[in-house]
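Below, chain A is the first sequence line, B the second, and so on; all start at residue 1.
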There are 2 protein chains.
Amino acid sequence: MLQAALRSGTAGRRAVFEVFARSLPAGRRYGVVAGTGRLLDAIEAFTFGPAELEFLTGNGIVDGPTAEWLGTYRFTGEVRGYAEGECYFPGSPILTVEGTFAEAVLLETLVLSILNHDCAIAGAASRMVHAAGDRPLIEMGSRRTHERAAVAASRAAHVAGFTTTSNLEAGRRYGVPTAGTAAHAFTLLHDSERHAFEAQLASLGDGTTLLVDTYDVERAVRTAVDLAGPALGAVRIDSGDLGAVARDVRGLLDGLGAPDTRIVVTGDLDEYGIAALAAAPVDGYGVGTSLVTGSGAPTASLVYKLVARADGTDPGAPLRPVAKKSTGKPSRGGRKTAVRRLDARGTAAAEVVSVGEPAPAGHDRPLQVPLVRGGEVVGREDLAAARARHLASVAELPATALQLSKGDPALPTEFAEGGPRR
Amino acid sequence: MLQAALRSGTAGRRAVFEVFARSLPAGRRYGVVAGTGRLLDAIEAFTFGPAELEFLTGNGIVDGPTAEWLGTYRFTGEVRGYAEGECYFPGSPILTVEGTFAEAVLLETLVLSILNHDCAIAGAASRMVHAAGDRPLIEMGSRRTHERAAVAASRAAHVAGFTTTSNLEAGRRYGVPTAGTAAHAFTLLHDSERHAFEAQLASLGDGTTLLVDTYDVERAVRTAVDLAGPALGAVRIDSGDLGAVARDVRGLLDGLGAPDTRIVVTGDLDEYGIAALAAAPVDGYGVGTSLVTGSGAPTASLVYKLVARADGTDPGAPLRPVAKKSTGKPSRGGRKTAVRRLDARGTAAAEVVSVGEPAPAGHDRPLQVPLVRGGEVVGREDLAAARARHLASVAELPATALQLSKGDPALPTEFAEGGPRR
């Protein structure tokens, strides 16, 4: 596409691409924007070096002039979008990329791959967080997904409210707080469970979490309290009927004089499994597979569509809305502006998406912020800001948003014709 | 775990970990080993640099002696396993890692994340390849998964029989043949569909693939043949009832004197959608989302379990089988050997997994090959070898293996007590 557009003279036409979801994953009530911070780093670093260019020309994939153009490529355009952590709905224009066609079309796969992955994880994570109520969640899914996706998944889960991660690289790279417990292999390595617990306590202190289901849970809990006393931080249960075992273990710990020792449960938990344990004496959850696979929706299915472009390459040429017209996957032309319409109490009532500027209203919260201006990243922020925004964004939604059952999106998306862009 | 084991003196005990799946994804008939080549590269590169060590010590995650140990870490043990492309079944010991506990336990997340991802993709890809029969498949899912997982997914799909990929980095890094077509944005960029087609043909030649469903399919096909004549390589249909549209387009192309112009279809295809188009005049399929998400099974759910370890750290100390004993997730102790038992015609009849060496039989095909010896990679091979092995491995299975319907694994796994290891 790039080569043909460079040759036909259309590559320099001003173009606007929008990222949106045609729908949420089946039955979900809201989506969560995540990955924005990663995307900004990636846009900044997105260039073509000698190895890439040699591959492209050596294999006849692009011609000389295209390779030359790629050799100096750096995105110089504009990006605005929903800030990280914000909730979104079908049709929400969560990212808008504007530049020449050539520079903007090259970002499609980068933008979509980062947002499709991270939004999928955050969307699932947010439901788990709300199902867990005040109890903390540990992200433990690294081994169930691609080795680099794991680091991104951990970051996205933290944006959506997970407390800690077992992925140390996510701690190093993004500052996500880390946590961990021992595996069954650690117990099996030692001559007895008692030896294993002694070794862990000697090295990590009484505040550590001991895994108690390698052989016999009751015996393990007795051994743990015998060795660490009431200062024992936590025990972890990874198998069996988690609610029933947790109740037995709670009774045992209390009876042994360790009422402050916490109980952490793990083992194929998803948002439904977490919700089902609401009444059990559980102090924290570790979640793996279902988190990193988006709990049934491993991609957010976001698309990147050309919605407007200039007729010529003059810098001042007006932008013309464009849209695919055939059956099945319609799209709406024109650059969109989005606001969240609130009622008098501050509860969200609708996602209003307008071509051009929306008619002003008293309780509209604008949703798009500048992220890249003239190729320079301007939207970088702390992960803590995204976490806080996500909490606030969910709190603003109507109560139906927190239902785990399948249903319609918590807000309707209203498409409006706005006024001319100011 | 590492720190506690270093301190308790058990870190140096010889240990054997095995990778296996407790079950296949619901209803699948076989699994596919993929990612082995990536894993060997990753094991070779797996070390801890100053930035990692500073993070670990600066945040109190490990103590000084542990950081010092990590600073010189390099895996020096043995790895053997099923060769890449081989089919596997529940309980198949697809990878065996042997070394000190410390060096082998550190590889758990690396090994599982690579194999869980790549096996999931290859397992789904193989079903699509067999559903497509002789028709080629293009991998086009990069934008629906994490940006680096996309490259690995493309490689895994190729192992399982996909012909080409739209991921150029997979072409550069792994030699996967690349292919691509234009997007709707390219047509919308131009003043008319005719202009867009002219630009593409001028740049890429008549053998290119023109996307014909931006406005009106019939008009687009007429324009395409008008411009390129019977030499037009292919047209792509991305929306509507793909079978019905393909039939109309085939008739139109034939009527316009372009019987050799191929028809490529794309648009939310999975193995079932591909199979449903078997009777339609389709010459190739492009598959995206369903491939990179494992078509409903985004992780292979492989686990990494300690199955044997020495009682002490003497180099000659015998290995003792170990296994977790509590409810829910039992495992079998002892280092396993696996063979595929064949009948007199060479058709596979069972996966036989023995602790120790299996009793010799006339038609057993050994499944494990050496991959790493004394820390040195010895199992590297061309992607072409893995592709050929996968074809042969599937061809050897009973016919039920190719059924898309949900059912039992195509082979039973028989656990046997073998003789002493020779």
Side-chain angles (χ1 to χ4, degrees), chain A residues 1 3-5 7-8 10 13 15 52 55 61 101 105 108-110 112-114 116-117 142-150 152 168 171-172 178 182-186 188-191 199-200 202-204 213-217 239-240 289 293 298-299 306 309 322 324-329, chain B residues 1 3-5 7-8 10 13 15 52 55 61 101 105 108-110 112-114 116-117 142-150 152 168 171-172 178 182-186 188-190 199-200 202-204 213-217 239-240 289 293 298-299 306 309 311 322 324-329:
Chain A
M1 282 198 278
Q3 178 178 311
R7 187 159 162 166
S8 75
T10 52
R13 290 184 172 191
E52 285 81 19
F55 167 74
I61 295 169
F101 174 79
V105 77
E108 171 168 358
T109 300
L110 189 74
L112 286 182
S113 60
I114 291 175
N116 267 324
H117 177 267
S142 294
R143 65 196 63 178
R144 303 280 179 256
T145 185
H146 180 275
E147 69 275 19
R148 299 225 176 248
L168 294 172
R172 187 181 77 83
T178 60
H184 297 107
F186 184 79
L188 295 172
L189 169 69
H190 288 79
D191 295 331
Q200 187 174 335
S203 176
L204 296 161
D213 71 341
T214 302
Y215 302 110
D216 176 86
V217 172
S239 52
T289 305
T293 58
T299 177
L306 181 69
R309 52 94 180 149
V322 293
K324 177 171 181 294
K325 282 184 189 139
S326 62
T327 52
K329 297 172 180 173
Chain B
M1 281 198 280
Q3 177 178 312
R7 187 159 164 167
S8 76
T10 52
R13 291 183 171 192
E52 286 80 21
F55 166 74
I61 295 169
F101 174 79
V105 77
E108 171 168 357
T109 300
L110 189 74
L112 285 182
S113 61
I114 290 176
N116 267 324
H117 177 267
S142 294
R143 67 196 62 177
R144 303 279 177 257
T145 187
H146 181 275
E147 68 276 17
R148 299 226 176 247
L168 294 172
R172 187 180 79 82
T178 61
H184 297 107
F186 184 79
L188 296 170
L189 168 70
H190 289 79
Q200 188 174 335
S203 177
L204 296 162
D213 70 341
T214 303
Y215 301 110
D216 176 84
V217 173
S239 51
T289 305
T293 59
T299 179
L306 182 68
R309 52 96 181 149
D311 280 345
V322 294
K324 178 173 181 293
K325 284 188 189 137
S326 62
T327 52
K329 297 172 181 173

Item to check | Top contributor to chain B contacts, counting heavy-atom pairs under 4.5 Å, from S8(A), G171(A), S113(A) | outcome: S113(A)
Looking at every non-hydrogen atom in both residues, tell me the closest pair between [X] and [Y] and how far apart they are.
| X | Y | result |
| --- | --- | --- |
| A183(B) | M1(A) | N-SD, 3.3 Å |
| R144(B) | N116(A) | NH1-ND2, 3.5 Å |
| A149(A) | H146(B) | CA-CD2, 3.5 Å |
| H190(A) | T10(B) | NE2-OG1, 3.2 Å |

Can you say whether [X] sits under 4.5 Å from chain B via the side chain, the backbone, both, or neither, judging by heavy atoms?
| X | answer |
| --- | --- |
| A15(A) | neither |
| T289(A) | side chain |
| T145(A) | backbone |
| A152(A) | side chain |
| R172(A) | both |

Checklist entry - Step by step, would you call K325(B) with D216(A) a side chain to side chain contact (heavy atoms under 4.5 Å, CB included)? => result CA-CA 8 Å; K325(B) 284 188 189 137; D216(A) 176 86; over 6 Å; no
Item to check | Whether R309(A) side chain and L189(B) backbone form a donor-acceptor pair below 3.5 Å | outcome: yes
Next on the checklist: Donor-acceptor check, side chain of D311(B) to backbone of D191(A), threshold 3.5 angstrom: yes or no?
Outcome noted: no
How long is the span from the [atom1] atom in [X] to the [atom2] atom in [Y], to the nearest 0.5 Å?
| X | Y | atom1 | atom2 | value |
| --- | --- | --- | --- | --- |
| E147(A) | L112(B) | CD | CG | 11.5 Å |
| S142(B) | E108(A) | OG | CD | 10.5 Å |
| L168(A) | I61(B) | CG | CD1 | 5.0 Å |
| F186(A) | L306(B) | CZ | CG | 12.0 Å |
| R143(B) | I114(A) | CZ | CD1 | 14.0 Å |

Checklist entry - If you count heavy-atom pairs under 4.5 Å with chain A, which of T299(B), V322(B), T293(B) comes out on top? => result T299(B)
Checklist entry - Can you say whether R7(B) sits under 4.5 Å from chain A via the side chain, the backbone, both, or neither, judging by heavy atoms? => result side chain
